[in-house]
Trainee: 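I am attaching a structure below and will ask some questions about it afterwards.
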There are 2 protein chains.
Amino acid sequence: MNPEAVLDAALDLLDGGALTMRALATRVGLTPGALYTYFPDRTAIVAALVERLLAEADLGLLENGEGTASARITAFSLNLRETLMRHPAAVPAILGAAFNGPVALRVGESLLGLLPDPRASYAVIAYVLGSIALEAAETSAPLTPEPERIAQRRAAFQVDPETFPRTHAAADAIAGYISTDQFRWGLDHLLTALLADTADRL
Amino acid sequence: MNPEAVLDAALDLLDGGALTMRALATRVGLTPGALYTYFPDRTAIVAALVERLLAEADLGLLENGEGTASARITAFSLNLRETLMRHPAAVPAILGAAFNGPVALRVGESLLGLLPDPRASYAVIAYVLGSIALEAAETSAPLTPEPERIAQRRAAFQVDPETFPRTHAAADAIAGYISTDQFRWGLDHLLTALLADTADRL
DNA sequence: ACCTGAACACCGTTCAAGT
DNA sequence: ACCTGAACACCGTTCAAGT
């Protein structure tokens, strides 16, 4: 047995929504107590899992990608979203880690080089992680393809037209909220503002 | 005994980081089983708590506030942040609720009236909740005043200048990341982009 | 309707003892 | 070092029985 194999099983269980030390031990063919040979406690396992997932994102898109700063940040953000949304159950843990592990440091370092103001880096991170968190919260079921999810949400979305007229009228757009297009549209606007020379000293 | 009193105690325990049915029962002078007279299960208690906290935010700032759309959204966002950060431990639950309870619907309805595109509403929500989530994740301890928190973070923040030169150089700014100024700066930029006529059909 | 007491089926973690 | 078996101190939830 080795730590990596434990993490493999732990990710599986987390995706299934039932990561317990006992289930994990059974999965890897050990007794619960034996897990403490590899990790000091359950939180350490979750932390290692978070770091492993973040490491799956393609940092190259940010660090040595082609194109403008905006294009590279967008490409990486989309890649990060895709990577993390393969494991929605892990997203709360990623937010909870406050984004200050080794991978997060590299992301921050790159963003500092691509944006004119340190505050812009943080704004991008807040938007990207906020979007992913909202999306993960909505994704209880594994994850059906995006068009299906939008259609289901549209069908389920019913509000009183009297009290929420605008919400009712915009129901189609709202059903599409959690989508790649929505994610990208907001990020485009944010980056436009952050990269505009005139806005630097707002 | 009544549901509201149960929620009062539940919020106290959640803030303390130990909301269990047993502790809650003890706190209100009941047996654990008796709690199920008031709420069907633990998740219902957390859900009710989330809704109560959201209801504490001043919706008037958004719905019948003064000034421009930008000013009203900013005022409400700052108020929401302040409200939620009084209970950092509840923030993950708020994100987990996918922001679709009754209060969230009212917020969404107002935003739709203040912004030119439904997608802009969602972008604002993603940024605001993302910022609050990152802030809450960092706030383990109750909450010391903001200047102290920044100073502590600055003192604790040490990275290798060789591998993370920009991060090292921007350490002061980074220590100030989680602050009202930072929150507002990013929101200002985002709103500027979302409200710019030329950006509407990007 | 509201509550108790007791149980059921779980948890994470520790630790002496073995190899 | 690695693992077992057993325990400790918890969980959320259910339910017969009482008022």
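Computation of the quantities below employed the complete heavy-atom set of this structure, encompassing side-chain atoms and omitting hydrogens, waters and symmetry-equivalent molecules. In what follows, every chain begins at residue 1, and chains take the letters A, B, ... in the order their sequences are listed.
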Trainee: Start at the 5' end of DNA chain C and walk down; is the nucleotide closest to B:Gly29 or to B:Arg22 reached first?
Mentor: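 Of the two residues, B:Gly29 wins.
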Trainee: Round to a whole Å and report the spacing from OH of A:Tyr36 to P of C:dC11.
Mentor: 12 Å
Trainee: Checking base pairs now: Watson-Crick or wobble, both atom distances under 3.5 Å. What partners D:dT14?
Mentor: C:dA6
Trainee: Let me know the distance between CD1 of A:Ile45 and C1' of C:dT13, rounded to the nearest Å.
Mentor: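 Atom CD1 in A:Ile45 sits about 12 Å away from atom C1' in C:dT13.
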Trainee: Starting from P on C:dC10, measure out to CG on B:Asp41 and report it in whole angstrom.
Mentor: 17 Å
Trainee: Between A:Thr180 and A:Arg81, do the side chains contain an N or O donor and an N or O acceptor separated by less than 3.5 Å?
Mentor: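 The criterion, which ignores hydrogens and geometry beyond distance, is satisfied for A:Arg81 and A:Thr180.
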Trainee: Would B:Glu56 and B:Thr83 count as having a side-chain donor-acceptor pair, cut-off 3.5 Å?
Mentor: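 No, no side-chain donor-acceptor pair sits under 3.5 Å.
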Trainee: Closer than 4.0 Å, any side-chain N/O of B:Thr37 to the OP1 or OP2 of C:dA1?
Mentor: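 Looking at the OP1 and OP2 atoms of C:dA1, neither is under 4.0 Å from any side-chain N or O of B:Thr37.
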Trainee: Check the distance between C:dG12's C1' and A:Leu30's CG and give it to me in whole angstrom.
Mentor: 16 Å
Trainee: Distance alone, cut at 3.5 Å: any donor-acceptor contact between the side chains of B:Ser179 and B:Glu146?
Mentor: no
Trainee: Would you say that A:Arg153 contacts A:Glu138 through its side chain, given a criterion of any heavy-atom pair below 4.5 Å between the two side chains?
Mentor: yes
Trainee: Starting at the 5' end of DNA chain D, which residue's closest nucleotide do you reach first, B:Thr20 or A:Leu35?
Mentor: A:Leu35
Trainee: Give a yes/no answer on whether the side chain of A:Tyr38 brings an N or O atom under 4.0 Å of OP1 or OP2 in D:dC3.
Mentor: yes
Trainee: Would you kindly give the CE-to-C1' distance between A:Met1 and D:dC2, to the nearest whole Å?
Mentor: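 It works out to 11 Å between those atoms.
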Trainee: How many whole angstroms separate atom CZ of B:Arg42 from atom P of C:dA9?
Mentor: 22 Å
